[in-house]
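Proteins get letters first, then strands, A, B, ... in listed order; numbering begins at 1 in each. Not measured: the values here are computed from a predicted model.
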Amino acid sequence: MNLLSWLRKVPLWSGFWYTLGVLYFILPLYATLDFSLRIQRDVISLLAYQNAFADPGFLKTFVYSNILAVITILFSLLLIVPTSYWIRLRLPEARRIVEYVTTLAIVIPAIVMGFGLISVYGAPIKIPFTSIQLTDSLLNSPVGTNFIVIMGYTVLALPLMYRSVDTGMRTIDVRVLTEAAQSLGANWFTIIVRVILPNLRASILSGALLTFAIVVGEVTISSILNVPAFSPYLWLMGQHKAYEPAALSFASFLMIWASMGVIQIVTGGRAQASVAH
Amino acid sequence: MGYLTLSKISKQFADAVVVQDFNLSIEKGEFVSFLGPSGCGKTTTLRMVAGFEVPTSGQIILDGADITDKAPNQRNVGMIFQAYALFPNMTVVQNIGFGLRIRKEPEPAIKERVAEMLSLTHLEKHADKYPYQLSGGQQQRVALARALANHPQVLLLDEPLSALDAKIRVSLRSEIRMIQKKLGITAIFVTHDQEEALSISDRIVVMNEGREEQVGTPFEIYNFPKTAFVANFVGTLNTAEAEMVDPVKGIVKMDGVQFESANQVEGQKRGDRVSIAIRPERFSFASEQKKANVVDCKIENITFLGSVVRIQITIGRTKFNMDTFNNPFLELPKIGAVTQVTCSREAVLILDRQ
Ligand SMILES: Nc1ncnc2c1ncn2[C@@H]1O[C@H](COP(=O)(O)OP(=O)(O)OP(=O)(O)O)[C@@H](O)[C@H]1O
Ligand SMILES: [Mg+2]
C-alpha cells in the first residue's frame with residue numbers, strides 16, 4: 001500500500017508503470033491474435049479459427065471440460081458453502097486451519113497431486129486393516145476416473161472458491177440472520193437455501209467462474225490421468241500445428257474476459273447496494 | 001403461575017457463570033423489561049427464552065408447556081435484534097411474509113396478514129423496498145412486523161432501539177408499546193437505559209451479575225428500591241453512610257445530623273452501620289410548617305440542566321445533590337450561603353448493606 005501511494009504521488013512514474021503493465025499484458029495477446037490471423041501467406045483471414053473449430057477433437061474435449069467444470073463447481077459449492085457457513089456460525093476458531101488447508105493446492109504442485117491420486121486410487125480399495133475389497137481400482141472405469149479427476153479439480157479450485165464464498169459470508173451477518181430465520185420457524189435447509197445462498201449470489205458466481213477457468217485451463221492432472229480434456233488437447237495440437245493453437249488460445253482469452261465482465265456487472269451492482277446500507 | 005415462567009435458571013459458559021438462579025413469572029399480555037449494566041446476563045437470559053442458548057439448569061415454562069430444551073424453530077417466539085437482522089435479499093413484504101411461508105399458510109392468508117402488519121407498523125409506502133433502501137427506524141419496524149406476523153406467544157426484544165438516534169428512539173419505543181398493548185402480546189424488552197425501561201414497562205426486572213435484584217413496577221423500582229444497587233442504577237441518587245439510632249422509629253444519624261425515615265428495615269439494631277439514600281428531587285428549601293428532617297446545609301454549586309436546576313449542598317461533611325424545577329421566578333440562594341433544606345420521612349430510604 002505504501003509503495004502504491006508513493007507511486008501515486010508521482011504522476012510521471014505512475015504513467016510509466018501503467019503503460020508498462022498494459023504492454024506486458026497486451027503485447028503477447030496482440031502477438032497471438034496477429035499470428036493466428038496469418039495462416040495464409042500475406043492475407044489476414046480467420047481460416048485458422050475455422051480449422052480449429054472444425055476439428056472433431058476440439059468439440060469433444062471442449063464439451064468434456066465444460067461438463068467437468070460444471071460438476072466441479074457444483075461439487076465444490078456443496079462442500080464449501082456449508083463448511084464456510086458452519087465455521088462463521090459456530091467454529092470461528094477453525095477458520096485459520098481451514099484457510100490453510102485450502103491453500104495447500106497452491107503449495108503442492110499439481111504433478112505431485114496427480115501421481116498421488118494414481119498411487120492411492122490405482123490400487124483396489126479395501127477396508128483398512130482387512131483384505132475385504134470394496135471396489136476394483138477406480139481408475140479402471142471411466143466413471144471412476146472422471147470422479148477422481150473432479151476431486152482433483154475441486155482441490156485445485158479450493159483456494160479461490162473458499163475465499164470467494166467466505167468473503168461473501170463476511171458481508172452478511174450470518175449469525176444474526178440465522179437466528180432471525182430460526183425464530184421464524186426455519187430449519188437448516190431452509191436457512192441455507194432461502195437466506196444464506198441468495199445473499200451469496202455474487203461471491204458464488206465469481207467463485208464459480210474462477211473455478212471454470214481453472215478447470216478448462218488445467219493440464220497436469222488431466223494429462224496424468226489421461227482424460228480427454230481441453231487443455232491437454234490444446235497442448236497436443238501445439239506439438240504439430242502452429243496457427244490453430246494460437247487461434248484457440250485467443251478464443252479462450254475472449255471467453256475469460258466475457259466471464260470477468262459478467263462478474264464485474266453482478267458484483268458491481270451488489271457492491272453499490274451494500275454501500276447504501 | 002404465570003404465562004411464561006423461568007424457574008431457577010442458570011447458565012454457565014466454559015469459564016463463567018453468567019446467569020444464576022434466575023426466577024421470573026410473567027403474566028399474559030405483560031410488558032417486562034430487563035434492566036441492568038453491561039454484561040449482567042440480560043441477553044443470555046433472553047436467548048434462553050428464544051432457544052438460542054440452553055440453560056445449564058432450571059426450567060422455562062410457556063403457557064403450561066416445558067420449552068426448556070425445544071429448538072428455537074419449534075417455539076413460537078418472536079425475536080427483535082439490535083442489528084435489525086432483515087433478510088437483505090427480500091423486500092419488506094417478503095421479509096414480513098417469511099415466517100408465514102415457512103408455515104405453509106395459504107397464499108391469500110399470507111397476503112392479508114402481511115397487509116395487516118404493514119398498516120400496523122405504518123410501512124405501506126415501503127412495501128416493495130429492500131432493507132438497504134430504508135432508514136434504521138423503518139428497518140426495525142419491518143423487523144417488528146415480521147416477528148408479529150407469526151402470532152408469536154412471546155415477543156423478545158434485545159436492545160432494539162440502541163442503534164437509532166435519540167428522537168427516533170423515543171418515538172419508536174412508544175410505538176412498540178402501543179402495538180404491544182393493542183395486540184395484548186406478552187413481551188420482554190432488554191435495555192440498559194433506565195429511562196427507556198421506566199417509560200414503557202409494566203414491570204422491570206433489575207438485573208445484576210446474573211440475578212434478578214428487584215422485580216417491580218417502574219413506580220416501585222424508582223421510589224422504593226430495595227437494594228443500594230437498584231437505587232444507584234435507577235435514577236440519580238444521593239447515598240451516604242449512617243448509623244442506626246432507633247430502628248423502631250427509623251431514626252439514623254449521618255455525620256452527627258439526624259434523619260427520620262418512614263422505611264423500616266428488619267433486623268437492624270441500634271448502632272448498626274446502614275446506607276441511606278435520598279433522591280435529589282425530594283429535597284426542598286425548608287419552610288416554617290415542615291417539622292421532620294430540617295437540616296442545615298451549605299450551598300456549594302448551582303447548575304442549570306434545562307427544566308431542572310441541580311444544586312450541590314453539603315450536609316455535615318457529605319455532599320448531596322438537590323434538584324428543583326426551573327421557572328423564571330425561581331429564587332436561588334447564593335453559592336457559599338448557609339441555609340436549611342428538608343425532605344419528608346418517606347424520602348429517606350434505608351437500604352440493605354451489601
Ligand atoms: N457464548 C458465550 N460464551 C462465553 N461467554 C459468553 C457468551 N455469551 C455471553 N457471554 C458472557 O456472558 C456475560 C453476559 O453476557 P450478556 O450478553 O448476557 O450481557 P448483557 O447483559 O446482554 O450485556 P450488554 O448490555 O452489554 O448487552 C458476559 O460477560 C459475556 O462475556
Ligand atoms: Mg446484551
Worksheet entry | Inter-chain contacts: residues 90-114 of chain B against chain A, heavy atoms under 4.5 Å | B:Met90, B:Phe98, B:Gly99, B:Arg101, B:Ile102
Item to complete: Mind listing the closest non-hydrogen atom pair of B:Phe52 and A:Ser183 along with its distance?
Response: CZ-CB, 4.1 Å
Worksheet entry | Contact class of B:Arg47 relative to chain A, heavy atoms under 4.5 angstrom | side chain
Fill in: Distance, nearest 0.5 Å, that separates CG of B:Asn73 from CD of A:Glu179
12.0 Å
Worksheet item: Is the count of non-hydrogen atoms from other residues, nucleotides or ligands lying under 6.0 Å from A:Arg175 atom CZ greater than 12?
Response: no
Response to the item:
Among residues 60-76 of chain A, residues within the sub-4.5 Å heavy-atom range of chain B, in order of number, are none
Worksheet item: Which bit of B:Ile80 is near chain A, if near means a heavy-atom gap under 4.5 Å: side chain, backbone, both or neither?
Response: neither
Worksheet entry | A:Leu184 vs B:Phe87, side chain to side chain contact (heavy atoms under 4.5 Å, CB included): CA-CA, chis, key distance, verdict | CA-CA 12 Å; A:Leu184 292 166; B:Phe87 305 128; 4.2 Å; yes
Fill in: Atom CZ of B:Phe13: over 12 foreign heavy atoms under 6.0 Å
yes
Worksheet item: Between B:Asn89 and A:Pro198, is there a donor-acceptor pair closer than 3.5 Å when you use the side chain of the first and the backbone of the second?
Response: no
Fill in: Minimum heavy-atom distance between A:Ile172 and B:Pro88, given as atom pair plus value
CG2-CG, 4.4 Å
